[in-house]
Amino acid sequence: MTNRTDYCGTLTTADVGRSVTVCGWVSKRREHGEHLAFVDLRDHTGIVQCVVDKARDLRSEYVLAITGIVRERPDDTINAALATGAIEIGDATVEVLSVAEPPPFQIDSRVDVDETIRIRHRYLDLRNKRMQSNLRTRAKVNSAIRNGMESEGFVEVETPMLIASTPEGARDFVVPSRLKPGSFYALPQSPQLFKQLCMVGGIDRYFQIARCMRDEDLRADRQFEFSQLDMEMSFADGDDVRAAVSEAVALATEAVTGSRPTEFPEMSWHDAMNRFGSDKPDVRFAMELAELTDLFSDTGFKAFQAPCIKGICMKGAADELGRNKLDNLTDAAKRWGAKGLVWLKVGEDGEVTSPVAKFMSESEIAGVLERLGAETGDVCFLVADGWRKTVHILGLLRIELGRPAVTEGGLNFLWVVDFPLFEDVDEAGNPVPAHHPFTMPHADDVELLAAAGSDPQRLLDVRSQAYDLVLNGWELGSGSVRIHRGDIQQQIFDLLGISEEEAQRKFGFLLDAFRFGAPPHAGFAFGIDRLVALLCGEENIREVIAFPKTQSGGDPLTNAPTPIDDAQLDELGLRVLPQPE
RNA sequence: GGUCCCGUGGUGAAGUUUGGAGUUCACGCCGGCCUGUCAAGCCGGAGGUCGCGGGUUCAAAUCCCGUCGGGACCGCCA
């Protein structure tokens with residue numbers, strides 16, 4: 001094979017006169033009779049036009065090495081749409097390195113090919129500029145993060161993929177043990193406990209670009225396996241961690257976009273929920289939730305005799321939202337758990353149209369419009385329920401109605417801080433931790449924690465030192481200051497209803513380690529797939545993953561998952577139950 | 001566990017509401033012509049289990065039921 005001298009997309013008028021050899025795939029062929037044909041040759045850098053004598057047997061996606069002289073094109077044949085459009089490779093001799101069948105879809109097609117077909121033939125899809133660009137962006141992000149973390153004194157430590165299963169958190173992927181039949185490893189949901197052990201081990205600053213696995217339902221922003229920047233710092237608090245993570249994210253962003261984000265504002269969890277109805281608010285657009293509860297303190301409208309009433313206003317939507325669409329939104333709200341959804345349209349002269357206007361007083365309606373800043377042409381949506389449910393439903397509705405396209409509105413990073421320590425109370429009366437049970441309570445709330453005793457409602461007010469990083473409404477990641485003191489850890493376990501025996505069984509190795517001198521430490525992890533997708537302007541993380549799975553967890557390329565044969569099962573001491581009808 | 005949307009030659013779409021011959025458009029593919037094209041052009045051609053199964057009907061891509069596959073979302077993701 002002739003040695004490659006240049007990449008297709010890099011040749012310019014500066015190369016005119018050189019004899020070059022380029023290698024790649026036939027992107028397009030244009031024949032003009034027996035003695036003139038243009039072959040567009042593609043590699044990852046782009047396309048270059050080659051002028052050849054006989055092209056009859058050069059078909060799409062053939063792999064060629066083409067040697068010729070770079071020359072300027074005649075003035076009237078310059079192609080401004082092509083980076084190499086001012087030159088061509090003339091007098092080309094062609095070496096066919098591989099022939100190719102016609103591909104199942106056109107690789108330079110500008111139409112969206114069905115994603116299943118793209119994934120089934122991902123090796124062809126990867127030849128597309130889009131996937132080439134996305135994967136190279138991803139590599140840039142990884143590289144920028146590694147460089148940044150290392151320059152800040154972080155040490156990359158690899159942690160095991162085969163670990164012990166713990167029933168907390170997400171569903172584990174498990175791997176059967178051959179040497180100990182009937183026992184199983186779990187694949188890590190994150191290296192959480194190991195990075196804390198690294199802190200006990202004096203690593204001081206740990207990081208890892210870690211693959212994590214969670215057996216939960218897939219979404220546009222969730223795959224079974226994903227990559228995260230996992231990090232942990234000793235003798236550091238939440239501010240230190242957020243500064244370090246902000247720096248890493250800023251470097252990664254700068255590596256891709258060329259400009260460095262400077263704003264990483266903080267917002268309390270309570271503010272986020274109250275104003276945006278979400279713990280991962282998309283602050284690219286307003287449509288904030290307005291407080292309306294007090295307006296209806298003496299209302300005769302039964303549906304609004306509720307602990308919390310809030311509303312949002314969609315500007316200028318009155319014409320766009322017909323009765324049919326409003327009914328669909330009401331149905332959606334009910335599917336999300338609302339008892340109902342009240343809408344008001346503001347017409348000319350402030351005249352209000354609403355199915356429930358007759359149940360509301362004039363002053364109540366006037367108050368709603370004033371609080372929401374509603375004017376002619378706007379549509380208001382009101383929900384009445386408990387605080388959590390009200391803000392949740394309006395938050396979903398806000399996203400449904402107002403969310404900009406992924407490529408719009410720039411990159412809005414946001415730290416959400418002061419998460420509650422407990423999310424809810426389960427049937428047994430035990431509080432449910434919002435993060436993991438090693439999350440340090442907020443320093444100001446330690447007394448509240450003690451005073452609340454086992455009163456679950458008061459416990460829900462206890463804040464934690466947990467924080468999330470949010471980008472344009474996507475949760476990039478979360479972290480916390482960890483508990484490094486045995487007495488506080490014991491207090492938390494007591495509140496969670498975890499017995500000493502249970503704690504020892506599940507986390508014994510970590511608790512043991514902490515007895516030998518644990519430094520105060522704090523950490524974070526953020527999803528690289530999500531960050532890269534947003535930097536690439538993709539709505540879906542599958543577009544930044546070389547070989548992704550479908551929503552039902554299958555891989556159309558390899559057909560995974562597949563049954564395994566009996567001999568393999570026998571060796572592992574496993575038997576597959578018959579599937580229920 | 002649930003809600004909604006999609007499935008039509010190799011690819012992308014229209015046709016489905018209101019049942020009437022596998023109909024249409026673009027790309028690709030195969031053959032022919034063509035010495036400056038560039039998503040080349042012109043001429044000709046091949047290519048179909050309308051995802052699958054059942055039902056209604058004289059008649060189903062179209063209506064009904066089921067099922068499979070794909071997607072978005074709720075739940076879930078400490």
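Throughout, a chain's letter reflects where its sequence line sits, starting with A, and its residues are numbered from 1.
Closest approach to the A:H32 side chain among B:A40, B:A39, B:G1 is made by B:A40 (side chain taken as heavy atoms from C-beta onward). Among the nucleotides B:C76, B:U35, B:G71, the one closest to the side chain of A:R542 is B:G71.
In this structure, A:E88 reaches the bases: a heavy-atom distance under 4.0 Å links it to at least one base atom across the strands shown. Counting any heavy atom pair closer than 4.0 Å across all strands shown, A:S552 reaches sugar-phosphate atoms only and no base atom. Residue contacts shown for A:E400 are absent, as no nucleic acid heavy atom lies under 4.0 Å away. Contacts of A:N540 with the nucleic acid, taken as non-hydrogen atoms under 4.0 Å apart, involve only primed sugar atoms and P, OP1 or OP2. As judged by a 4.0 angstrom heavy-atom cut-off over every strand, A:R214 is placed among residues touching the sugar-phosphate backbone only.
With sequence neighbours excluded, the residues satisfying salt bridge (charged side-chain N to carboxylate O under 4.0 Å, His left out) with A:R505 are A:E501.
Residue A:L218 contributes atom CG, which lies 14 Å from atom P of B:C74 at whole-angstrom precision.
Remark: A:R398 is positioned above the aromatic ring of A:F285, its terminal NZ or CZ atom under 6.0 angstrom from the ring centre and at most 45 degrees off the axis.
The same atom, P, is picked in B:A13 and in B:G32; the two are 33 Å apart, to the nearest Å. For the C1' atoms, the distance linking B:C29 with B:A72 amounts to 34 Å, nearest Å.
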